[in-house]
Amino acid sequence: MTRPSLKNSLFYTCIALVLGATGLWIYGGVALFDWVEVAEMMPYQKVVDTRAGQNLHSTVYFIRQNFQIQAPPLDSTPEILGIIVALMGLAVLLFSILPAWQALLGATLWLGIVAFSLSDASLVSLTQIISSQIFSLSLLAFAGLSVLSAAAIPSFLLGLSHGVDRLSSKRNRTILGLFWGVNLVLTFANQRFDVGIRTAIPAFLWSMVAVGLYLYQNKGNKTLLGLGLLSLSSLAPILWHSNSPGVLAIESWNMINQVMMALLFPLFIIRNFGPLMAQNLPIHKVIHKAALLPLHLIQIGVVILSVGAVFAFNSGAYHQGMAAKENYTGDISALLGDHQMAEIHYKNATLHSRINTKSNLSLAALAQQAGDTETFAYYVAASQSTHPDPALSVALANVFATENRPFDALFTLQKSDLSDPRILTQLALQYERLATADSAAYFYEKAASLEPENPLYKANNLYAEVVYRKQRPEFDPSEDLATQANLLAAGIPTAPMNPSFIPSADLRDLVYLYNGLFYWKGKAPRLPLADWQKTMGDLFPELELLNSWQEFYHEKPLAALNQLNVSIATDTTQSSGMTGVLAFWKYVTAFPAKTPAVTQANALQMLEKYPFQLAVLREALPFVPTKTGYESSLAALQWNEQNPAYYSIYAFQALKMGEISYADEAMDKLKSLDPALYQAQQASYLAEKQRALQKTKF
């Protein structure tokens, strides 16, 4: 422990922790609630195809996106890091003041007492208790380090003010002293009385600067470095998980210490070093060697006065520290899956600090996970009353909307930050729910104007332009699939679909796929929709219609009709829309069309492409195998039962297969539908039937 390299390592570790804590404080920690983007399919009726003088009206989908507020799982990293650093600091501290065997014996005895007294407790309970005790010890260590470091800044400024002569030193001391004193008073006024002076140095920075300077001034003292490690270990979980009472407790206690030291430090300097200052000697180098009035007596005075100030201020720092400890223990319980104990600890924290944000939001997160909407809203509202947050406004508005209180949701959003496009998006959504189309379109447009490059707001604005303002939007080259999906729904051509496109399990991808196939039709690439339907059919049932759509527009109308017919029979949720598509496809497939000449080489292809064209059937059937011809004529008849022309074609194919009874039934039906056509076909049919009977006898 006496090796210089080890001391240097301990010092650099402490400084790294100070800098890391400062950076984490500036960053603000991890939010207890996250913004989660939610995509919704908004149906829109339009003409999607025109053939044979008929229009196919069907549904396309716009993507409308908004936000939900969700509590993410807690991250155990800061707690693990804090415990590791605390154990390191405790070990350094103990080994520096006690023999190794005594330190190890003491640690073993403590663990033994805890384990014995809690012999019936589970491993989870033991973990909660031990980690809580380590955290409490680190808070106490930080309280002590705060007192010890209270003189670090004035002693540093004293050294900085030393000049080449007495006059320059006095001038420097006056300037730096005034700067330090005024800023300290302003910061204390902000921290204690919330006077709102923005130019004051933040209280947390005063704490970190004081601790950092003190560790630098004592970088050769392994005992103080161990105390520093133990103290700083508490900052990782406090700052990472936004444990606001812990931050307030640190700031409050440290500022009280520094103010008390500011009152006592001039007395300490004048009493000990007045004659030396008159000679312009560098007294900053011998501050810790003061003989008449030692610095530790001043520090004891700071402790006494600071404790008195804490109680004079209604024990604010104490209660904030206790709330921080309970919040930490609640986090440990939540990480270990003991939500009941987590709730108890968070509620205990509110007994010490009723309106602290961390406890209320943690309780709200537990309620959200349990599906308790009323409790969730209560704690969110409690937090909003003291620390308004746009995310929590959205969370509360979403609860009101779910509970069918649309105006409460609207008023909640209107009281939030209207310069935030996320809030404007939620306002637009709420106006939609109230059927106020103009206001909805206005707020979608305003959100897009605030962040014009954000694809979410851009896609929403496209949706509003078409659905509410009935405008044709301009082409947008954005690669965002929600934007492209909305452009396709509006009838704006985008880049053709990539043959290698593979959608993820995301509505934005799937709606882009749906609208793309509807828009590009036969120009779209053939995609493995049947495979995607197996994995994503539950999320996006429209894949069933797409599968048939792809077959039809890639010149396999019979396969498409059969698939769609089965879908209608099994899927009652979309049968009405699919029935219209089925009727349109059946009509245009049977509608007379100009077709290429049928040859033996292309007969099968022509039957697949034009299965209901009478001319194609008559010309192609002689070129195909008998079974294929029979199946083709049967399919044509089944889909066109009211057209007499298909009966005679089927009857002749049935005779070729030896299905004489089926052929007779077809001719009987033809006789009832069209006697003239029956008479015209009767002679040929009887001759063909006679040949079929001869084959049967043979």
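- There is a side-chain donor-acceptor pair under 3.5 Å between Asn398 and Gln68.
- With a 4.5 Å cut-off on side-chain heavy atoms, Val36 and Ile69 do not count as touching.
- Under the 3.5 Å distance criterion, with hydrogens and angles disregarded, a donor-acceptor pair is assigned to the side chains of Ser419 and Asp417.
- Asp338 places no side-chain N or O within donor-acceptor distance of the main-chain N or O of Ser333, the cut-off being under 3.5 Å.
- Trp240 is listed as a side-chain neighbour of Leu24, based on a closest heavy-atom distance under 4.5 Å.
- At a threshold of 4.5 Å between non-hydrogen side-chain atoms, the residues Leu232 and Val211 count as touching.
- Asn314 contributes no side-chain N or O that, together with a main-chain N or O of Gly316, makes up a donor-acceptor pair within less than 3.5 Å.
- In this structure, SG on Cys14 lies 3.5 Å from CG on Leu229, to the nearest 0.5 angstrom.
- Interatomic distance, CD of Glu445 versus CG of Leu424, reported as 11.5 Å (0.5 Å rounding).
- The backbone N or O of Ser161 lies less than 3.5 Å from a partner atom in the side chain of Asn172, making a donor-acceptor pair.
- Contact between Met260 and Ala309 at its shortest, heavy atoms only, is CE-CB, 3.8 Å.
- Phe135 and Pro237 make their closest contact through CE1-CG, 4.1 Å (heavy atoms, listed as atom of the first residue, atom of the second, distance).
- Scanning both residues, Ile283 and Met277, for their nearest heavy atoms gives CD1-CG, 3.5 Å.
- In this structure, CG in Leu139 is found 5.0 Å from CD1 in Ile238, a value given to the nearest 0.5 Å.
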Test side chain to side chain contact (heavy atoms under 4.5 Å, CB included) applied to Phe265 and Ile298, step by step: CA-CA 8 Å; Phe265 193 76; Ile298 299 297; 5.9 Å; no
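- Relative ring orientation between Phe188 and Phe193 is described as perpendicular, the plane-to-plane angle rising above 60° on a 0-90° scale split at 30° and 60°.
- No side-chain donor-acceptor contact under 3.5 Å links Gln70 to the backbone of Phe33.
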Evaluate Glu251 against Ser207 for side-chain hydrogen bond (donor to acceptor under 3.5 Å, both in side chains), listing each step before the verdict. CA-CA 7 Å; Glu251 292 177 344; Ser207 304; over 6 Å; no
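- One side chain, His387 or Thr357, offers a donor N or O that lies under 3.5 Å from an acceptor on the other.
- Side chain to side chain, Asn257 and Ser146 meet the donor-acceptor criterion of an N or O pair below 3.5 Å.
- Between Leu235 and Ile250, some side-chain heavy-atom pair lies under the 4.5 Å cut-off.
- With hydrogens and angles ignored, the 3.5 Å screen pairs no side-chain donor or acceptor of Asn218 with any backbone N or O of Asn221.
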Does Phe273 form a side chain to side chain contact (heavy atoms under 4.5 Å, CB included) with Phe268? I'd like the steps, not just the answer.
CA-CA 8 Å; Phe273 307 110; Phe268 166 76; 4.2 Å; yes
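- Shortest non-hydrogen contact noted between Gln128 and Ser131 is O-OG, 3.0 Å.
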| message | Using side-chain hydrogen bond (donor to acceptor under 3.5 Å, both in side chains), reason through Thr412 and Ser393 one step at a time and then give a plain yes or no. | response | CA-CA 6 Å; Thr412 299; Ser393 296; over 6 Å; no
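- The aromatic rings of Phe67 and Tyr457 lie tilted to each other, with the angle between the two planes from 30° to 60°.
- Between the side chain of Thr329 and the main chain of His345, no donor-acceptor pair closer than 3.5 Å is present.
- The CG atom of Asn66 sits 7.5 Å away from atom CG of Asn460, with the distance rounded to the nearest 0.5 Å.
- Residues Trp206 and Leu184 share a closest heavy-atom pair of CZ2-N, 3.7 Å.
- Note that the CZ atom of Arg173 and the CG atom of Leu158 stand 6.5 Å from one another [nearest 0.5 Å].
- Side-chain atoms of Trp253 come within 3.5 Å of backbone atoms of Ala143 as a donor-acceptor pair (strictly under, hydrogens ignored).
- Salt-bridge check for Asp331 with Lys358: passed, with a basic side-chain N closer than 4.0 Å to an acidic carboxylate O.
- In this structure the side chain of Tyr379 never reaches within 4.5 angstrom of the side chain of Ser362, judged on heavy atoms.
- Here the NE2-NE2 distance, from His352 to His319, works out to 7.0 Å after rounding to the nearest 0.5 Å.
- One N or O on the side chain of Thr350 and one on the backbone of Lys347 form a donor-acceptor pair closer than 3.5 Å.
- Scanning all heavy atoms of the two residues, the minimum distance from Leu456 to Glu37 falls at CD1-CD, 3.5 Å.
- A distance-only check finds no donor-acceptor pair linking the side chain of Asn348 to the backbone of Glu326 [under 3.5 Å].
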Run the numbers on Asp75 and Thr77 for side-chain hydrogen bond (donor to acceptor under 3.5 Å, both in side chains), then give the verdict. CA-CA 6 Å; Asp75 186 358; Thr77 302; 2.9 Å; yes
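- Side chain of Ser96 to backbone of Leu93: a donor-acceptor contact under 3.5 angstrom is found.
- Of the N and O atoms on the side chains of Asn356 and Ser359, at least one donor lies less than 3.5 Å from an acceptor on the other residue.
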Show the numbers, then the answer: is there a side chain to side chain contact (heavy atoms under 4.5 Å, CB included) between Leu293 and Ile269? CA-CA 9 Å; Leu293 185 63; Ile269 292 296; over 6 Å; no
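- Applying the 6.0 Å contact sphere to OH of Tyr12 captures no more than 12 heavy atoms from other residues, nucleotides or ligands.
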Show your reasoning for whether side chain to side chain contact (heavy atoms under 4.5 Å, CB included) applies to Leu418 and Lys446. CA-CA 10 Å; Leu418 297 183; Lys446 189 173 181 181; 5.6 Å; no
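- Judged purely by distance below 3.5 Å, without hydrogens or angles, the side chains of Asp165 and Ser168 pair a donor atom with an acceptor atom.
- Using a 4.5 Å heavy-atom cutoff, the side chains of Pro202 and Thr187 are not in contact.
- Side chains of Phe313 and Ile256 form a contact here, defined as non-hydrogen atoms less than 4.5 Å apart.
- A heavy-atom distance below 4.5 Å is found between the side chains of Arg422 and Trp35.
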